[in-house]
Amino acid sequence: MAFKDKISVNGFTTEYIKFGTGKKTLVILPGLSIQSVVSVADAIEKQYAVFLDKYTVYLFERRQELPVNYSVYGMADDIYTVLRALNINDICLFGVSQSGMIAMLLTAEHPELVDRLAVCSTAAYIDSARASVINEWIFLASQKRVEDLYLSFAKSVYPEKIFAQYKDIWINAAQSVTDRELEHFIGLAKATEGFDIRKQLNKITCPVLVVGDRQDTVLGLSATEEITDCIKNNLSVRVYVYNGFGHAVYDTAPDFTQRLYNFFEERKNK
């Protein structure tokens with residue numbers, strides 16, 4: 001069973017999940033969400049069950065207390081602080097969407113920390129076009145239109161078939177969202193404003209897997225292609241593109257977790 005805990009360091013508190021018994025370390029950074037994913041720890045452990053024997057897996061949420069003008073750069077600093085406090089080193093790092101941005105920045109700034117990096121449905125920079133969907137979520141959250149927010153969020157990140165199948169579940173989930181969670185979501189969503197690490201990506205020298213989907217309606221496939229262009233001098237970079245699984249391909253593609261595991265298990269000298 002997944003172990004849930006929290007750590008307080010440098011004036012902030014972060015919740016995290018830990019599971020698995022292996023000697024290797026996998027750190028997962030979840031994407032932007034309306035409510036914390038720590039509450040579904042057992043489901044996450046089941047999703048990443050292939051890692052249980054060889055890896056000890058940590059999933060870190062964002063800090064609970066958001067400073068004014070919080071940014072992705074601040075998020076990366078926070079994760080680094082937490083990893084240092086827990087004495088976690090030589091990690092396989094996986095980030096999706098906004099947390100893919102955090103993961104890339106963390107790897108670029110602290111290359112000694114990351115042995116292998118995998119990112120999915122993310123971007124090296126956010127312009128006005130890519131911010132449009134996020135800005136819609138911010139508007140709905142600020143108006144406290146929680147059901148509309150949940151439905152807009154789900155419709156944007158999931159394929160139409162999955163959205164229709166689970167629509168009632170998302171409507172029900174909206175009933176439990178608190179004002180504090182809405183404020184937290186707004187602060188996290190706004191953190192992507194002005195994000196741009198294109199010039200820093202060439203500092204990443206470890207093996208990298210970049211995954212996207214042709215039907216990503218949040219950031220678009222071009223975001224995946226741009227990341228690989230920015231780090232093309234790294235001969236250990238590879239890209240895999242799905243088709244029809246949406247922005248949340250990391251949840252919807254049936255072979256995704258196995259693909260991730262295979263990448264982390266490859267040896268550098270291959």
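Both backbone and side-chain heavy atoms feed into the values below; hydrogens, waters and symmetry mates do not.
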Would you list the atom pairs, donor with acceptor, under 3.5 Å between side chains in residues 240-254 and any protein atom, with sequence neighbours excluded?
from : atom 1 : to   : atom 2 : distance (Å)
Y240 : OH     : R259 : NH2    : 3.3
Y242 : OH     : D255 : OD1    : 2.9
Y242 : OH     : R259 : NE     : 2.8
N243 : OD1    : Q215 : NE2    : 3.1
H247 : ND1    : D216 : OD1    : 2.9
H247 : ND1    : D216 : OD2    : 3.0
H247 : NE2    : S97  : OG     : 2.9
D251 : OD1    : Q47  : NE2    : 3.0
T252 : OG1    : F245 : O      : 2.7
T252 : OG1    : A248 : O      : 3.1

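- Cluster annotation: V239 and Y261 are assigned to distinct hydrophobic clusters (Ile/Leu/Val/Met/Phe/Trp/Tyr, side-chain heavy-atom contacts under 4.5 Å, transitive).
- Remark: K155 NZ is loosely packed, at most 12 non-hydrogen atoms of other residues, nucleotides or ligands lying under 6.0 Å away.
- Looking at residues two or more places apart in sequence or on another chain, you find no ring-ring contact (aromatic ring centres under 6.0 Å, His included) involving Y70.
- Salt-bridge formation is detected for the pair E265/K24: a Lys NZ or Arg NE/NH1/NH2 atom is positioned less than 4.0 Å from an Asp or Glu carboxylate oxygen.
- Applying the salt bridge (Lys or Arg N to Asp or Glu O under 4.0 Å) rule to E226 yields the partners R130; only residues at least two apart in sequence or on another chain are considered.
- F19 pairs by the ring-ring contact (aromatic ring centres under 6.0 Å, His included) definition with nothing, not counting sequence neighbours.
- Atoms CG and CG, from L140 and L182 in turn, are 10.5 Å apart once rounded to the nearest 0.5 Å.
- For the pair R62 and S36, the minimum side-chain heavy-atom distance is 4.5 Å or more.
- Applying the salt bridge (Lys or Arg N to Asp or Glu O under 4.0 Å) criterion to D148, with sequence neighbours excluded, gives R145.
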All N/O donor-acceptor pairs, side-chain side in residues 185-195, below 3.5 Å, sequence neighbours left out:
from : atom 1 : to   : atom 2 : distance (Å)
T192 : OG1    : A189 : O      : 3.1

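- The cluster map of Ile, Leu, Val, Met, Phe, Trp and Tyr, joined by side-chain heavy atoms under 4.5 Å apart, puts L209 and I102 in different clusters.
- Using a 4.0 Å cut-off between a side-chain N of Lys or Arg and a carboxylate O of Asp or Glu, E15 and R63 do not qualify as a salt bridge.
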>> As a quick check of understanding, evaluate side chain to side chain donor-acceptor pair (under 3.5 Å) for Q35 and Y150, giving each step before the final call.
In response: CA-CA 10 Å; Q35 295 176 290; Y150 243 107; 2.8 Å; yes

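- Taking the side chain to side chain contact (heavy atoms under 4.5 Å, CB included) definition, one finds that A85 meets it with I7, V9, sequence neighbours left out.
- There is a path of hydrophobic side-chain contacts, each under 4.5 Å, that joins I197 to V208.
- Of the residues listed (E225, M104, R198, K199), the one engaging C230 in a side-chain contact (heavy atoms from CB on, under 4.5 Å) is R198, and it is the only one.
- In this structure, F139 is a member of the same hydrophobic cluster as L32, with clusters built from ILVMFWY side-chain heavy atoms closer than 4.5 Å.
- The two residues T107 and C206 make their nearest non-hydrogen contact at CG2-SG, 3.9 Å.
- Taking the charged nitrogens against the carboxylate oxygens, D5 and K18 have no contact shorter than 4.0 Å, which rules out a salt bridge.
- V96 has its side chain out of reach of V119: every pair of non-hydrogen atoms, C-beta onward, lies at least 4.5 Å apart.
- Every ring-ring contact (aromatic ring centres under 6.0 Å, His included) that Y158 has, sequence neighbours left out, goes to W170.
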Please tabulate, one pair per line, all N/O donor-acceptor pairs under 3.5 Å involving side-chain atoms of residues 162-169, not counting sequence neighbours.
none

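- Under the 4.5 Å side-chain criterion, counting only non-hydrogen atoms from C-beta, T217 is not in contact with V133.
- A distance of 11.0 Å separates CG of L93 from CD1 of I88, quoted to the nearest 0.5 Å.
- In the hydrophobic cluster analysis, where Ile, Leu, Val, Met, Phe, Trp and Tyr join through side-chain heavy atoms closer than 4.5 angstrom, V211 is grouped apart from L105.
- Counting heavy atoms from C-beta on, the side chains of F60 and L29 come closer than 4.5 Å.
- Cation-pi geometry between R116 and F264 is not met: the NZ or CZ atom fails to fall both under 6.0 Å from the ring centre and inside 45° of the normal.
- Qualifying salt bridge (Lys or Arg N to Asp or Glu O under 4.0 Å) partners for R214, counting only residues two or more places apart in sequence or in other chains: none.
- Counting heavy atoms from C-beta outward, V27 and L59 have side chains that stay 4.5 Å or more apart.
- F263 is linked by a ring-ring contact (aromatic ring centres under 6.0 Å, His included) to nothing, counting only residues two or more places apart in sequence or in another chain.
- By the side-chain hydrogen bond (donor to acceptor under 3.5 Å, both in side chains) test, T56 is found to be paired with no residue, residues two or more places apart in sequence or in another chain being considered.
- Residue T13 comes nearest to K6 through the heavy atom pair CG2-CD, 3.9 Å, listed as atom of the first residue, atom of the second, then distance.
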